[in-house]
**Student:** 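Just passing along the structure, written as structure tokens.
In what follows, residues are counted from 1 in the order of the sequence shown. These numbers were taken from a predicted model, which means no experiment stands behind them.
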Amino acid sequence: MPRSFPLEKIRNIGIIAHIDAGKTTVTERTLYYTGRTYKIGDVDTGTAVMDWMEQERERGITITAAATTCYWQDHRINIIDTPGHVDFTAEVERSLRVLDGGLVVFDGVAGVEAQSETVWRQADRYHVPRICFINKMDRVGANFRRTLAMIEQRLGARPLPVQIPLGSEDTFQGIIDLVESKAWYFDGKPDSEPQEIPIPESEQANFTEFHQALIEKLAESDDLIMEAYLEGHRISPADLRQALRRVTLANKGVPILCGSALRNKAIQPLLDAIISYLPSPLDMPPVSAIDTRLETEVTRPASDEAPFAALAFKVVSDPFVGRLVYFRVYSGKVKAGGQVLNTIQGKRERIGRLLLMHANRREEVDEADTGSIVATLGLKNTFTGDTLCDSAQPVLLESIRFPEPVLSVAIEPRTRADQDKLGTALQKLTEEDPTFKVVYNEETGQTIISGMGELHLEVIINRLTSEFGVGAKAGKPQVAYKETITVPVQVEGRFVRQSGGHGQYGHVCIELEPLERGHGFQFQNKIKSGAIPRQYIPAVELGIKEGTETGVLAGYPVVDIKAILQDGSYHDVDSSEIAFKMAGAIALKKGLEKARPVILEPIMKLEVVTPEQFLGDIIGDLNAKRGHIETIETQGEMFAIHCHIPLAETFSYATRLRSLTQGRATHSMEFSRYQKLPAELTEQITEKVMGKR
């Protein structure tokens, strides 16, 4: 059967940016100009196609990554519009994992903002080629050159402007194309065609400067342009386009475009650039995988003839059709009704209906071939990050890493009738969102939910009511503290029980060492000469690992420690796995008490943008909240304060900032790291916990 669409004409792209940079507005204009929608959706009025959730329309922000497909110049563009708010960073993470290219949107006034840096680093981690669109060039304070400088300095990128603005702020009329040496005028009406006009005399010097700089920068990164440049040959627009594509795909430079999505200016040239500079699945290196039978690394080329391999990157509980699993096909193809193997779960699954998604609307297809991003029904045992493949040639693709939650609240059902529904709803939400965790605290009898921030948990609780019909009450937010050790110690754990018949005997000697932040838990077996039989070693590790779930100071999880099993002894008759598991847990508890334990608190990276008149008040307030100010930089008329602040001090900060600045300052926050809690606060927390017990 022939392919539904040529591979070289497919573009799988994500639209990523800081909150309020205009991602969803860019996507809505893209859908309109490609003929996917007949009416332009608007974020502010709640009519955006891609923001389909009730909470998204209420708040005017994107919460969940929405997928759609459109067509431009005989090319198929699969788009994922991602959230810009830091609380929903998991949506960006999983989208970038399965995409080939990225469109990064910047606010022409604010430039590079805090979350812009986060999404840029995420794209760097997955080696995603990008182009940039500097949006809102019609707004007062928009500055193209300053944004270029920020991209270079703050992101460490190599910007390659392929367009410059024609006019600025309220006189912004269109763009000057540095590749084609043309100017384009846009009147702002949705259905008007771009008009080609001569480059105005007043802009000639600007054009010459940027055009020459583009050729010189390309010559530094591309041998063919370097050769033509040194030999004085004319470099044609086609030569420049091909060089820009080579440099972009190699991640050696980033083409920069500009416009105003809200005013319908420069969207068509942006679509042309997506086609010209971003990769098709054929341009990406073959995906690496592990052959699960041979435990060797193999590759899967982007070809329908190769064995089927796909990565599930998103699970959604759709109220109308049930459990939807989104997946990206890296190689081969699969038909609706076909059987695949989930190598993570070790289970065979049958693919139900295959759906091309358009936000929350669906278009059924018979087959998903290489390069496709589709959703399917019927996969009961498949979760985010799982590999789906041909059962005859099983492979394991690299999964997706997600950050740990930093904020918790206790939640309880309003009525007895809500009790059962709450458990089912929370399970569905944890399947959807890998950064949302649910734990039942047996000591207090409370259900604790954890997420990435106040907004994240607020949206979850709203969804429980609106989508699942569950009445639930939430307590005050609690910081997700951790515990760790500060000095290495050697301890032994002995579990001996004597009763009628067989007893229990397990004895271990372990060494505990502190690890660097972010290294979690590690276990090393150094047993020699069979002091403990091999079959009991995993039980020791399990006992120690389970013991790290509760620390000795205040009962918080223990992180960043290494347990080394040095020695031990066993009994021929009485030893068992359970005895060694208990011995491991006993040794850990002893070791934690001796190793000078400390409490760690989450530290947030905060950026506040404010007019100068409020600068002193904000700095004073941040110092009072244990904030550590790193830098203060000017952004036109505004000042940007960059600082690190404990999460515990940031609750209701948005309200506090509004009252300090008459609502004129804005802020954004993201998780940075864990660090040691000051001694006096550690005492307060431990006393509080002991008082509850």
Side-chain angles (χ1 to χ4, degrees), residues 1-5 7 10 12 31 36-37 49-50 52-53 64-71 76-81 91 94-95 97-99 281 302 304 306-392 394 397 400 424-425 427-433 463 467-468:
M1 182 179 166
R3 279 189 59 84
S4 57
F5 217 84
L7 256 178
I10 291 177
N12 289 319
L31 296 179
R36 194 70 172 85
T37 55
V49 173
M50 301 302 277
W52 57 271
M53 283 174 67
T64 182
T68 190
T69 300
C70 58
Y71 299 87
R76 182 166 87 190
I77 308 174
N78 297 321
I79 298 174
I80 297 182
D81 175 30
E91 293 290 329
R94 59 170 148 210
S95 300
R97 171 66 182 82
V98 297
L99 293 168
D304 289 344
F308 174 69
L311 186 76
F313 67 95
K314 186 175 169 73
V315 177
V316 175
S317 297
D318 190 292
F320 301 107
V321 297
R323 191 175 189 269
L324 276 173
V325 176
Y326 286 72
F327 64 89
R328 156 76 193 267
V329 183
Y330 283 99
S331 66
K333 52 189 175 183
V334 68
K335 283 185 165 70
Q339 197 178 70
V340 296
L341 174 69
N342 181 327
T343 39
I344 296 269
Q345 309 297 332
K347 293 180 179 174
R348 283 189 166 81
E349 294 261 59
R350 189 168 295 283
I351 299 281
R353 290 155 59 200
L354 286 169
L355 307 166
L356 270 182
M357 299 302 292
H358 179 48
N360 64 332
R361 298 203 293 278
R362 299 162 289 278
E363 180 186 319
E364 201 158 335
V365 291
D366 297 326
E367 188 176 63
D369 45 27
T370 300
S372 299
I373 292 178
V374 292
T376 185
L377 294 159
L379 302 184
K380 292 187 176 67
N381 300 304
T382 298
F383 302 92
T384 299
D386 285 2
T387 299
L388 300 172
C389 65
D390 182 342
S391 52
L397 297 169
I400 311 171
T424 307
Q427 185 186 345
K428 287 182 177 176
L429 289 168
T430 53
E431 285 182 11
E432 283 189 20
D433 186 348
R463 287 185 65 192
E467 278 181 44
F468 298 98

**Student:** For a quick test of reading the model, state the closest non-hydrogen atom pair linking Ala336 to Leu354 and the distance between them.
**Tutor:**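 Smallest interatomic distance, heavy atoms only, reads N-CD1, 3.5 Å.
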**Student:** Under the rule for side chain to side chain contact (heavy atoms under 4.5 Å, CB included), what residues qualify as partners of Thr424, not counting sequence neighbours?
**Tutor:**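 Applying side chain to side chain contact (heavy atoms under 4.5 Å, CB included) to Thr424 gives Lys428.
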**Student:** Between Arg323 (side chain) and Val315 (backbone), is there a donor-acceptor pair under 3.5 Å?
**Tutor:**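 No, because the side chain of Arg323 does not come within donor-acceptor range (under 3.5 Å) of the backbone of Val315.
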**Student:** Which atom names give the shortest non-hydrogen contact between Leu31 and Cys70, and what distance separates them?
**Tutor:**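 Nearest pair, atom of Leu31 first, then Cys70: CD2-CB, 4.3 Å.
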**Student:** Going from CD on Glu367 to CG on Asp304, what distance comes out if it is rounded to the nearest 0.5 angstrom?
**Tutor:** 7.5 Å
**Student:** Indicate yes or no for a side-chain donor-acceptor contact from Asn12 to the backbone of Gly371 under 3.5 Å, with no hydrogens or angles considered.
**Tutor:**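 Pair found, side chain donor or acceptor close to backbone of Gly371.
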**Student:** May I ask you to decide if Gly332's main-chain N or O and Thr370's side chain share a donor-acceptor pair within less than 3.5 Å?
**Tutor:**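 Looks like yes, one N/O pair under 3.5 Å.
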**Student:** Is the charged tip of Arg328 near the ring of Tyr330: under 6.0 Å from the six-membered ring centre and within 45° of its axis?
**Tutor:** yes
**Student:** Which atom pair, heavy atoms only, marks the closest approach of Gln345 to Asn381?
**Tutor:**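 Smallest heavy-atom distance, with atoms named: CG-O, 3.1 Å.
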**Student:** For residues Pro394 and Leu341, report the shortest heavy-atom separation together with the two atoms involved.
**Tutor:**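 Shortest heavy-atom contact: CB-CD2, 3.7 Å.
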**Student:** Which residues pass the side chain to side chain contact (heavy atoms under 4.5 Å, CB included) test with Ala425, not counting sequence neighbours?
**Tutor:**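 Only Leu464, Phe468, Val470 meet the side chain to side chain contact (heavy atoms under 4.5 Å, CB included) criterion with Ala425.
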**Student:** Tell me every residue that passes side chain to side chain contact (heavy atoms under 4.5 Å, CB included) with Ile344, counting only those two or more places apart in sequence or in another chain.
**Tutor:**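 So Ile344 forms a side chain to side chain contact (heavy atoms under 4.5 Å, CB included) with Asn342, Asp386, Leu396.
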**Student:** Mind checking what makes salt bridge (charged side-chain N to carboxylate O under 4.0 Å, His left out) contact with Glu349, not counting sequence neighbours?
**Tutor:** none
**Student:** Please give me the minimum heavy-atom distance between Val316 and Lys314, naming the atom from each residue.
**Tutor:** CG2-CE, 3.8 Å
**Student:** Please enumerate all residues that pass side chain to side chain donor-acceptor pair (under 3.5 Å) together with Thr384, with sequence neighbours excluded.
**Tutor:** Arg94
**Student:** Sort out for me which residue in Val325, Ile400, Leu99 forms a side chain to side chain contact (heavy atoms under 4.5 Å, CB included) with Phe313.
**Tutor:**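 Between Phe313 and the candidates, side chain to side chain contact (heavy atoms under 4.5 Å, CB included) is satisfied uniquely by Ile400.
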**Student:** Would you find a donor on one side and an acceptor on the other, under 3.5 Å apart, between the side chain of Thr376 and the backbone of Ile351?
**Tutor:** no
**Student:** About how many Å separate CD1 of Ile373 and CG of Asn78, when rounded to the nearest 0.5 Å?
**Tutor:** 5.0 Å
**Student:** Considering the options Val329, Thr387, Leu388, which one meets the side chain to side chain contact (heavy atoms under 4.5 Å, CB included) requirement together with Leu311?
**Tutor:** Thr387
**Student:** Do Phe327 and Val340 touch side chain to side chain, with heavy atoms closer than 4.5 Å?
**Tutor:** no
**Student:** Tell me every residue that passes side chain to side chain donor-acceptor pair (under 3.5 Å) with Ser331, counting only those two or more places apart in sequence or in another chain.
**Tutor:** none
**Student:** Mind checking side chain to side chain donor-acceptor pair (under 3.5 Å) for Gln339 and listing every partner two or more places apart, or none if nothing turns up?
**Tutor:**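 Partners of Gln339 by the side chain to side chain donor-acceptor pair (under 3.5 Å) criterion come out as none, since no residue qualifies.
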